[in-house]
Chemist: 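Here it is, the structure, as structure tokens.
Basis for what follows: all heavy atoms, side chains included, without hydrogens, waters or symmetry-related copies. Quick caveat, the model's predicted, so the values are computed rather than measured. Reminder, nothing fancy here: chain letters follow the sequence lines and each chain counts from 1.
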Number of protein chains: 2
Amino acid sequence: MFERELLKGSLGLMLMALLEQGPMYGYQIAKHVRDQTDEVIDLKEGSLYPALHRLEKEGMLEAFWQRREDGVDRRYYQLTAEGMRVLTERRAQWNRFSAAVSKVVSDGSIQ
Amino acid sequence: MFERELLKGSLGLMLMALLEQGPMYGYQIAKHVRDQTDEVIDLKEGSLYPALHRLEKEGMLEAFWQRREDGVDRRYYQLTAEGMRVLTERRAQWNRFSAAVSKVVSDGSIQ
DNA sequence: CAAGATACTTTGTAATACGAGGTATAGAAT
DNA sequence: ATTCTATACCTCGTATTACAAAGTATCTTG
């Protein structure tokens, strides 16, 4: 009920940052994030897939289907050129923002 | 349209962290945050006051009116004991969360 | 054959930042 | 005198969005 709200606004950024390293598919992304953050961030399907579709519609990502030998279809997402450009902006914005919050939140002993 | 979403979930935390240092009133809080974060975070009244009321209702804050000599009323907010306890939790949660996001978001060269 | 993991989808709901509007006072500028 | 700016509070409606929950389908493992 609180953790949930923290993610708002940074999920899209995280997805774009991940896909900067190369195309990935949904399930893979979720696992990657879960592992890389020691389960601090556990992307739920109800957030992940809508977020990917949203970014695709905004032109940040492009998607393509790929069938595995066993017949399982996977939808891969990759960052567009526009997505790359916007990622740079949002990364900087996140850094500014998180530094600002941390400054206020870390107790007065620093100030 | 994006910055807005980043704030979700961390506004309450920031307010509680500020009030840890002593009672403050709404306008003062907004100015303090704006100054302390070099205007990165600019709390709007439509967010600030509802957030304060919310925290009050949740028992995190207590409020009292105080009249200045010139007749202007100010509503001061202070952290409750329960608020103090919850603040500790949320502070830790924010640190975990922001570290996790930063890890994913900072490019692959670190990994 | 049942159970779990993999893999994607959609619908409805709850939470919340903020725009925009409102009220009221004090002091400075025109 | 009046307008403007700053201070100081409030509330309603809207947009956004994470997620729970449900569904579909395949493959592997017990």
Chemist: What nucleotide, of dC18(C), dC9(D), dA7(C), holds the atom closest to the side chain of Tyr25(B)?
Modeler: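 Among the listed nucleotides, the one closest to the side chain of Tyr25(B) is dC9(D).
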
Chemist: Check the distance between dT16(D)'s P and Leu7(B)'s CG and give it to me in whole angstrom.
Modeler: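 Interatomic distance, CG of Leu7(B) to P of dT16(D): 17 Å.
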
Chemist: Whole angstrom is fine here: how far is it from CD in Glu5(B) over to P in dT16(C)?
Modeler: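 Checked: the CD to P distance equals 12 Å.
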
Chemist: Using 0.5 Å steps for rounding, measure from the OG atom of Ser10(B) to the NZ atom of Lys8(A).
Modeler: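 One finds 12.5 Å between OG of Ser10(B) and NZ of Lys8(A).
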
Chemist: Has Lys31(B) got a side-chain N or O lying under 4.0 Å from the OP1 or OP2 atom of dA8(D)?
Modeler: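 For dA8(D), OP1/OP2 do not have a side-chain N/O of Lys31(B) under 4.0 Å.
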
Chemist: Grab the CZ-P distance between Arg74(B) and dA24(C) for me, whole Å please.
Modeler: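 One finds 20 Å between P of dA24(C) and CZ of Arg74(B), rounded.
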
Chemist: What nucleotide among dC9(D), dC8(C), dC19(D) has an atom nearest to a side-chain atom of Ser47(A)?
Modeler: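 Of the options given, the side chain of Ser47(A) lies nearest dC19(D).
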
Chemist: Which part of the nucleic acid, if any, lies within contact of Leu43(A), taking any heavy atom under 4.0 Å across all strands shown: a base, the sugar-phosphate backbone alone, or nothing?
Modeler: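 Counting heavy atoms under 4.0 Å across all strands, no contact is made by Leu43(A).
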
Chemist: Starting at the 5' end of DNA chain C and moving along, which residue's nearest nucleotide shows up first, His53(A) or Val72(B)?
Modeler: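 Closest to the 5' end, via its nearest nucleotide, is His53(A).
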
Chemist: Return the CG to CZ distance between Leu61(A) and Arg54(A), rounded to the nearest 0.5 Å.
Modeler: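 Nearest 0.5 Å value for the CG-CZ distance: 11.0 Å.
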
Chemist: For Arg54(A) and Pro50(B), find the nucleotide of DNA chain D closest to each by heavy atoms; which residue's nucleotide sits nearer the 5' end?
Modeler: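 Its nearest nucleotide being more 5', the pick is Pro50(B).
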
Chemist: Taking CG from Asp42(B) and P from dA17(C), how many angstroms apart are they, rounded to a whole number?
Modeler: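 It works out to 14 Å between those atoms.
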
Chemist: Taking the minimum atom-to-atom distance to the side chain of Arg4(B), which one of dT11(D), dC19(D), dA17(C) wins?
Modeler: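 Looking only at side-chain atoms, Arg4(B) lies closest to dA17(C).
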
Chemist: What's the spacing between Tyr49(B) OH and Ile29(B) CD1 if we round to 0.5 Å?
Modeler: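 These two atoms lie 8.5 Å from each other.
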
Chemist: So does Glu45(A) reach the base of dC8(C) with its side chain, donor to acceptor, closer than 3.5 Å?
Modeler: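 For Glu45(A), whose side chain was compared with the base of dC8(C), there is a donor-acceptor pair (under 3.5 Å).
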
Chemist: Over how many whole Å does the gap from Trp65(A) atom CH2 to dA7(C) atom P extend?
Modeler: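 Distance check: Trp65(A) CH2 to dA7(C) P gives 12 Å.
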
Chemist: Considering only dA20(D), dA8(D), dA17(C), which nucleotide approaches the side chain of Lys44(A) most closely?
Modeler: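 Nearest to the side chain of Lys44(A) among the choices is dA20(D).
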
Chemist: Please pick, from dA17(C), dT9(C), dC9(D), the nucleotide with the shortest atom-to-atom distance to any side-chain atom of Tyr77(A).
Modeler: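 Minimum distance to the Tyr77(A) side chain belongs to dT9(C).
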
Chemist: Of all the nucleotides listed (dA15(C), dT17(D), dT9(C)), which has the minimum atom distance to the side chain of Arg75(A)?
Modeler: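 Of the candidates, dT9(C) comes closest.
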
Chemist: Quick one: label Lys8(A) by what it contacts on the DNA or RNA (base, sugar-phosphate, nothing), any heavy atom closer than 4.0 Å.
Modeler: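 Since a base atom lies under 4.0 Å of Lys8(A), the category is base.
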
Chemist: When you check the phosphate oxygens OP1 and OP2 of dT7(D), does a side-chain N or O of Tyr27(B) lie under 4.0 Å from one of them?
Modeler: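 Yes, Tyr27(B) has a side-chain N/O under 4.0 Å of OP1/OP2 on dT7(D).
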
Chemist: What is the separation between atom CE on Met14(B) and atom C1' on dT16(C), rounded to the nearest whole Å?
Modeler: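 Checked: the CE to C1' distance equals 13 Å.
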
Chemist: Taking atom P of dT10(C) as reference, at what distance in whole Å does atom CD of Glu56(A) sit?
Modeler: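 Going from Glu56(A) (CD) to dT10(C) (P), I get 11 Å.
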
Chemist: Within this structure, what is the CG-to-P distance between Leu52(A) and dT10(C), rounded to whole angstrom?
Modeler: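 To the nearest whole Å, that distance equals 12 Å.
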
Chemist: Within the 4.5 Å heavy-atom criterion, are Leu55(A) and His53(A) side-chain neighbours or not?
Modeler: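 Not touching, per the 4.5 Å side-chain cut-off.
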
Chemist: Tell me whether the OP1 or OP2 atom of dC10(D) has a side-chain N or O from Tyr49(B) closer than 4.0 Å.
Modeler: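 Checking Tyr49(B) against dC10(D): no side-chain N or O falls below 4.0 Å of OP1 or OP2.
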
Chemist: Test side-chain contact (heavy atoms from CB on, under 4.5 Å) on Leu18(B) and Val105(A); report intermediate values, then the result.
Modeler: CA-CA 7 Å; Leu18(B) 269 181; Val105(A) 164; over 6 Å; no

Chemist: Take Glu20(A) and Arg91(A), measure what salt bridge (charged side-chain N to carboxylate O under 4.0 Å, His left out) needs, and give me the verdict at the end.
Modeler: CA-CA 12 Å; Glu20(A) 195 188 24; Arg91(A) 183 130 59 191; 3.0 Å; yes

